[in-house]
Undergrad: 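Here you go, one structure.
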Amino acid sequence: MISPQGSPPGSSSQSPRSPSAPLFLSVTVTDPVKLGNGVQAYISYRVITKTNLPEYQGPEKIVIRRYSDFVWLHDRLAEKYKGIFIPPLPEKSAVEKFRFSAEFIEMRRQALDIFINRIASHPQLKQSEDLRTFLQEDEETMERARSQETGIFKKKPTDLMQIFKDVQSMVSDVVLGKEKPVEESNPEYEKLKHYIFELEDHLAEAQKQAYRLVKRHRELGQSLADFGKAIKLLGACEGDSLGKVFSDLGSKSELLSIKLQKEAHNLLMNFEEPLKDYVRAVQSIKATMTDRANAFRQQCELAETTKLKEINLDKLMLMRSEKAVEAEIEYKELKAESEEATRRFETIVKLMSEEMMRFQEQKTADLGLAFHEFARGQAKLANEIADAWRSLVPKLDACSPSMCS
Amino acid sequence: MMGPETHPGFGSPPREEMESLALSDYGSAMSSRLSAVATAVDGGDPPLSAAASSSSSFLDPPSYSNVVFRSLDGQNDATPDRPSLCRDFPSHRSDRAAASEYASIAVSDPQKEQDAVNSLVPGGGAYVTYLITSRTRAGGAEFRVRRRFRDVVTLADRLAEAYRGFFIPPRPDKNVVESQVMQKHDFVEQRRSALEKYLWRLAVHPVIGNSDELRVFLQVQGKLPLPTSTDMASRMLDGAVRLPKQLFREGQAGYVTPQDAVQPAKGGRDLLRIFKELKQSVANDWGGAKPPVVEEDKEFLERKDRMQDLEQQLSTASKQAEALVKAQQDIGETMGELGLAFIKLTKFENEEAVYNSQRVQAADAKCVATAAVKASRLYRELNAQTVKHLDTLHEYLGLMLAVHSAFSDRASALLTVQTLMSDLSSLNTRIEKLEVASSKIFGGDRSRMRKVEELKETIRVTEDAKYCASREYERIKENNRSELERLDRERHDDFLSMLKGFVINQVGYAEKGANVWAAVAEETRGYARENNKT
């Protein structure tokens, strides 16, 4: 959610409707509800959009969306905005029985909320028409749009051609003995690629440990509950005053068990999940890197093909062949394509460098917040533990040795 | 080295100091106390709260925790893996220790030795001896002897015979393992530690601590001059030899002598007696008739039930205590690994930084990493102390074995009395019958009268035996009673101090942990302000 107090997002032009108010776009994903039966059951979410942007309907709009709608939006953006790091989606769940657990649903809801807000606050992405469709269209329109986009067979012809060409060039490379596809030889970019791959490992390791820590909290909580119970029973064997102290201690132990479970949940949602989120974000960057590599290759190939065509054309013109005219037309077409490919590649390069800076800033802020929540949670828990045990000390002191039975 | 010295440190302050602490302000009182200790031990280290945020590099151990908690470990300068014998001695334990004949007992220096006889198994015949150093309280004299585990078993057996009805601390287990394992360092170290604890517990027992058996064990050089427990095979042989005599020669060989009456029926030697007592116990259980002497002490029966209940709860509590310790250990380990992961991330971001935001991130990650590593250490120390405190549960669970033994001493003594009374009654019946039969013959029946005389003699012996057995039974009853009282009293004190120690320990470490994390939360506070999400 972008608060109205924040700097006005993106467009600096004021709407004629409300010339004085800053523009904002704020989205919330909330209220997960299980719909449908049996194998086809799924979770639906309420997506609430509050905005005063002219392209949007009204101050507030509520639509119902499901996970595959988010996937649709993600894929459309990935196709259209090459060079931009598309915010990552939470995973499809692998384990069936976990699919509808409260924890999983909450984790997914949070991740989807973050996803949509990242799009809504991205200078380019937020202007996307697909975003508007997602946020405003009714459910039937959404479903139609979604089902149109699936599968390779629904792709446009030119996309199909491109895929063929990619495969073709890959094959010819292998046939011609070219081991690797053509790559940029940009040392700075090499450094960046290396950085991204290593960053993923570090973040993944941190996330793994964070998840383990969540589990350890739960285990400690459980053992405190069991210990408390056992201490209470042991106290029942003892006399009045000492028995009472045992009972109090057992109760405190059980109380702390509950606090530990709470902190485990807090750790999961506010520390582990952000780390996992950035692992996904890095993977999204890798996808952009693949796009860049493809664009580079295309550019190279088209440049080469164009050159060959040019040589051929010159030959034909020299021979004054009738084919020269046709060849010239083909040559011009190819040249245009080549220039387009070059443009595409250069756009990606430019966007990537802007995106990298933005990414680093966001990462520092988001993970900084995660660190803060982690520390806050641990401090709170430690204080609760200290308070709970401390309250027993006067009772223990009141119970003098061998005097009370 | 086991000794009764009270160690400074908040695990076991002497009673007066505890009372002087303002209970309402435990936190700051403890902090100031800790910093006082810190200054004393390490000449002016910064007090607790300041130390929390100071650390030159994230890999140095925080100075304050080592300093403060070293005092708790007392003489524990060695590796942290060394089993903690330097238990904090709360005041009541040191009182008990002060009453002992012995000031200290230590077990050390395990040595491998070879049996004189070559055994068939290669490497067999090897055993380990330990150096046992003890000092008496009275003269301050120091004694050093070498003993092997077999000697300890002998000691335990002799004590069990001599001190029936007492709660004798259970000896360390015999481990039936191969000689290869026997010689491994860990096993030897575990056994050494267990022996030390065992001997100290014997020394601290009000009655057994003064026993000749213990003194001889600790002070007599060379071979242990206590009769060894013979192995089962030779006992069975003895018994088999005696049995025909017992069955067919009905003279004194068949009956329990007074000396024997004060001992329980032993394995192979007293087969006949065992059979009789077994018959008696069956008659007790299944026969409708009430046995001549019955366990009427209601109070004892109640207490016995309570002991059973206690044992069950102790077993559960002991198990859960172990689970708790494991959970604390695990969370400490994971916290440490998390810290390590963040240290790596920090180094990485610093090395590869292109944008300033990366350097900021590296600094944040370092902050978290340092805290996580500190927290991990805190958990480890917390756990080491928790183990010490909750060990009381394990200790008393072990003691339940001793209670069982003592109760069964009582039961078997009672059974002996009952059996002897049955014997007497059947002897008397036989005499009656013989006299009746004899009176029917004119002039008396010489052989029968001779028989009657023999039987009367047997009766006298048996009466003596019964008298001894009854006395023994009463003695054991009294031992049971006084031990139960002692157990209740000591358990009350020990449990109270266990709970106190446990609780104070938890408070101390939780406070330290809170400080560590609060500092990080403070440093990263800026991100919270920028947080737009609820």
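In what follows, every chain begins at residue 1, and chains take the letters A, B, ... in the order their sequences are listed.
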Undergrad: Measure the CZ-CZ distance between F371(A) and F342(B) for me, rounded to the nearest 0.5 Å.
TA: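 The CZ atom of F342(B) is 4.5 Å from CZ of F371(A), to the nearest 0.5 Å.
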Undergrad: Measuring heavy-atom distances to chain B, does L275(A) have an atom under 4.5 Å in its side chain, in its backbone, in both, or in neither?
TA: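 Just the side chain, heavy atoms under 4.5 Å.
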Undergrad: Find the distance between SG (C237(A)) and CG (L314(B)) and round it off to the nearest 0.5 Å.
TA: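 It comes to 7.5 Å.
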Undergrad: Can you tell me which of L249(A), I231(A), L392(A), D201(A) forms the most heavy-atom pairs within a distance under 4.5 Å of chain B?
TA: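 Top option by heavy-atom pairs under 4.5 Å: L249(A).
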Undergrad: Of the backbone (N, CA, C, O) and the side chain (C-beta and beyond), which part of V325(B) lies under 4.5 Å from a heavy atom of chain A, both, or neither?
TA: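 Answer is neither: V325(B) stays 4.5 Å or more from chain A.
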Undergrad: With chain B, which of A230(A), G368(A), A386(A) has the greatest number of heavy-atom pairs at distances under 4.5 Å?
TA: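 Greatest number of close heavy-atom pairs with chain B: G368(A).
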Undergrad: Quick one: which of D366(A), L367(A), L203(A), V245(A) has the most heavy-atom pairs under 4.5 Å with chain B, could you say?
TA: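 Top count of heavy-atom pairs under 4.5 Å with chain B: L367(A).
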Undergrad: Between L192(A) and chain B, which part of the residue has a heavy atom less than 4.5 Å away: side chain, backbone, both or neither?
TA: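 The answer is neither part of L192(A).
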Undergrad: Verify side chain to side chain contact (heavy atoms under 4.5 Å, CB included) between D397(A) and K500(B), making sure each step is shown before the conclusion.
TA: CA-CA 8 Å; D397(A) 282 336; K500(B) 254 196 218 177; 3.3 Å; yes
Undergrad: Counting only heavy atoms closer than 4.5 Å, note whether A321(B) contacts chain A via side chain, backbone, both or neither.
TA: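 The answer is both parts of A321(B).
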Undergrad: Can the ring centres of F502(B) and F227(A) be said to be less than 6.0 Å apart?
TA: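 When the ring centroids of F502(B) and F227(A) are compared, they turn out to be within the sub-6.0 Å range.
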Undergrad: List the atom of A365(A), the atom of Y527(B), and the distance in Å for their closest heavy-atom pair.
TA: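 Looking at all heavy atoms of both residues, the closest pair is O-CD2, 3.6 Å.
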Undergrad: Identify which part of Y211(A) has an atom lying under 4.5 Å from any heavy atom of chain B, answering side chain, backbone, both or neither.
TA: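 Answer is neither: Y211(A) stays 4.5 Å or more from chain B.
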Undergrad: At a 4.5 Å cut-off on heavy atoms, which part of L213(A) comes close to chain B: side chain, backbone, both, or neither?
TA: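 Both parts, backbone and side chain.
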Undergrad: Once you round to the nearest 0.5 Å, how far does CD of E522(B) lie from CZ of R376(A)?
TA: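 Interatomic distance, E522(B) CD to R376(A) CZ, rounded to 0.5 Å: 12.5 Å.
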Undergrad: Taking the side chain as every heavy atom from C-beta outward, state whether E352(B) and H194(A) have any atom pair closer than 4.5 Å.
TA: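 Yes - at least one pair of side-chain heavy atoms lies under 4.5 Å apart.
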Undergrad: Looking at every heavy atom in both L369(A) and A528(B), which two are closest together, and how far apart are they?
TA: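 Closest approach of L369(A) to A528(B): CD1-CA, 4.1 Å.
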Undergrad: Hey, mind stepping through K326(B) and E219(A) against salt bridge (charged side-chain N to carboxylate O under 4.0 Å, His left out) and telling me if it holds?
TA: CA-CA 10 Å; K326(B) 175 152 193 314; E219(A) 287 161 6; over 6 Å; no
Undergrad: Under a 4.5 Å cutoff for heavy-atom pairs, which residue among T316(B), L310(B), N356(B), V520(B) has the most contacts with chain A?
TA: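 Among the listed options, the one with the most contacts to chain A is L310(B).
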Undergrad: Please determine whether a side-chain nitrogen of the Lys or Arg among R212(A) and E337(B) lies less than 4.0 Å from a carboxylate oxygen of the Asp or Glu.
TA: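 Salt bridge flag = yes for E337(B) with R212(A).
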Undergrad: Using 0.5 Å steps for rounding, measure from the CG atom of L233(A) to the CD atom of Q320(B).
TA: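 Between atom CG of L233(A) and atom CD of Q320(B) there are 10.0 Å.
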Undergrad: Is K363(A) in contact with chain B via its backbone, its side chain, both, or neither, using a 4.5 Å heavy-atom distance?
TA: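 Both backbone and side chain.
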Undergrad: Any Lys/Arg nitrogen of E238(A) or R491(B) sitting under 4.0 Å from an Asp/Glu carboxylate oxygen of the other?
TA: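 Looking at E238(A) and R491(B), the cut-off is met.
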Undergrad: Checking A365(B) against chain A: side chain, backbone, both or neither under 4.5 Å from a heavy atom?
TA: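 Answer is both: backbone and side chain atoms of A365(B) are under 4.5 Å from chain A.
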Undergrad: Is it the case that the ring center of F348(B) lies less than 6.0 angstrom away from the ring center of H202(A)?
TA: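 Yes; F348(B) has its ring centre under 6.0 Å from that of H202(A).
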Undergrad: Between E361(A) and S357(B), what is the shortest heavy-atom contact and its length?
TA: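 Result for this residue pair: N-OG, 3.7 Å.
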Undergrad: Quick one, Q378(A) with M335(B), criterion side chain to side chain contact (heavy atoms under 4.5 Å, CB included). Give me CA distance, side-chain angles, the key distance, then yes/no.
TA: CA-CA 11 Å; Q378(A) 290 293 302; M335(B) 188 65 87; 3.6 Å; yes
Undergrad: For chain A, which of K344(B), E333(B), E523(B), Q312(B) has the most heavy-atom pairs under 4.5 Å?
TA: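 Answer, by heavy-atom pair count under 4.5 Å with chain A: K344(B).
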Undergrad: May I ask you to name which of L345(B), D364(B), D488(B), T334(B) has the most heavy-atom pairs under 4.5 Å with chain A?
TA: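 Sorted descending by pairs with chain A, the first entry is T334(B).
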Undergrad: List the steps, then state whether salt bridge (charged side-chain N to carboxylate O under 4.0 Å, His left out) holds for E511(B) with R390(A).
TA: CA-CA 10 Å; E511(B) 281 178 352; R390(A) 202 183 296 120; 2.6 Å; yes
Undergrad: With only heavy atoms counted, which part of E349(B) is less than 4.5 Å from chain A, the side chain, the backbone, both or neither?
TA: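 The answer is the side chain of E349(B).
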